[in-house]
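Read through the structure below, which is laid out as structure tokens, and then see the notes.
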Amino acid sequence: MFVTERTYDFKELLKCNMHTHSTNSLCSKPEMVFEDMVREAEKIGLETLAITDHSDLGSGIDVVANADNLRERLKALSSPVRVLVGAELSAYGIGKYAETRERDKALDFASYSHVHYHLDYWEQPEDRSPRGYAKHMLAVLDELFNTDRADCIAHPFSPGKMKFFNEEEKALTLASITDNELGDILEKGERAECAWEIHTPTFLTFTDFSKRLFNIGKEANVHFVIGTDAHRLEGLNTFRYLEALENVIR
Ligand SMILES: [Zn+2]
Ligand SMILES: [Zn+2]
């Protein structure tokens, strides 16, 4: 389900930060206390803040129970910020999900990672070349879009976590995805009512691919959202990226 309007204007997109981690994610800083995140979002002037804590197999973390808890705490804040309590869910292989559909649907915002290849339980392609990974990523998304699970794709196609690849191989992975393949999967995601995250760390690193993702996505009329993958309070500020993001698509 789409939770934000379709726009290609970064000034609009930056009003929403759709990828942030609270202390319920082991990787975030102790300062990422939910109440402080909401107050910081107010200060920055965000319209929407999505909390997307990790759901990993075997982590023992119950994202649905945590979300219920945060929603209770949100009531006490009466904040003007629209806060969506979601999760960064795991599509860890073709048709493989760490949560049931029912639990996914109990969240305000289900953002799926399909690229956490550094994790032990993540499915790896048989062909471990850059093209092999590209095809695997496309196949995982294709199968995911046969379901109504995903509201968003977190850091789409990001090779950032492919720690077994050097920088050249990471770039090759992205370059080996053709414009047609990209267009087809973007369209299928839109039909499945799934948005695509402009993940600032990835978008500003792999700029050749980012430009293709943005332009082909715009042609296909997809929904984009911005996410900074914030693990500390100052990381909640999206607005600082305006110029850098505009430079990528120029
Ligand atoms: Zn991630
Ligand atoms: Zn994340």
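Just the heavy atoms: all of them, side chains too, but no hydrogens, waters or symmetry mates, feed the values below. For ligands, and for the atoms within them, numbers begin at 1 and follow the listed sequence.
Side-chain N or O atoms of H114 include none that pairs as donor or acceptor with a backbone N or O of Y92 at under 3.5 Å. Formation of a donor-acceptor pair under 3.5 Å by the S113 side chain with backbone atoms of L89 is not found in this model.
Expressed to the nearest 0.5 Å, how far SG of C152 lies from OH of Y112 amounts to 12.0 Å.
Within the hydrophobic cluster formed by Ile, Leu, Val, Met, Phe, Trp and Tyr side chains joined at under 4.5 Å, directly or through other members, V33 stands alone, with no partner residue.
Screening T205, L172, V115, L174 against P159 for a side-chain contact (heavy atoms from CB on, under 4.5 Å) leaves a single residue, L174.
In this structure, D127 does not pair ionically with K135, as no charged nitrogen and carboxylate oxygen lie closer than 4.0 Å.
Distances from the Zn ion (ligand 1) under 2.8 Å pick out these protein N/O/S atoms: E88 OE2, H116 NE2, H155 NE2.
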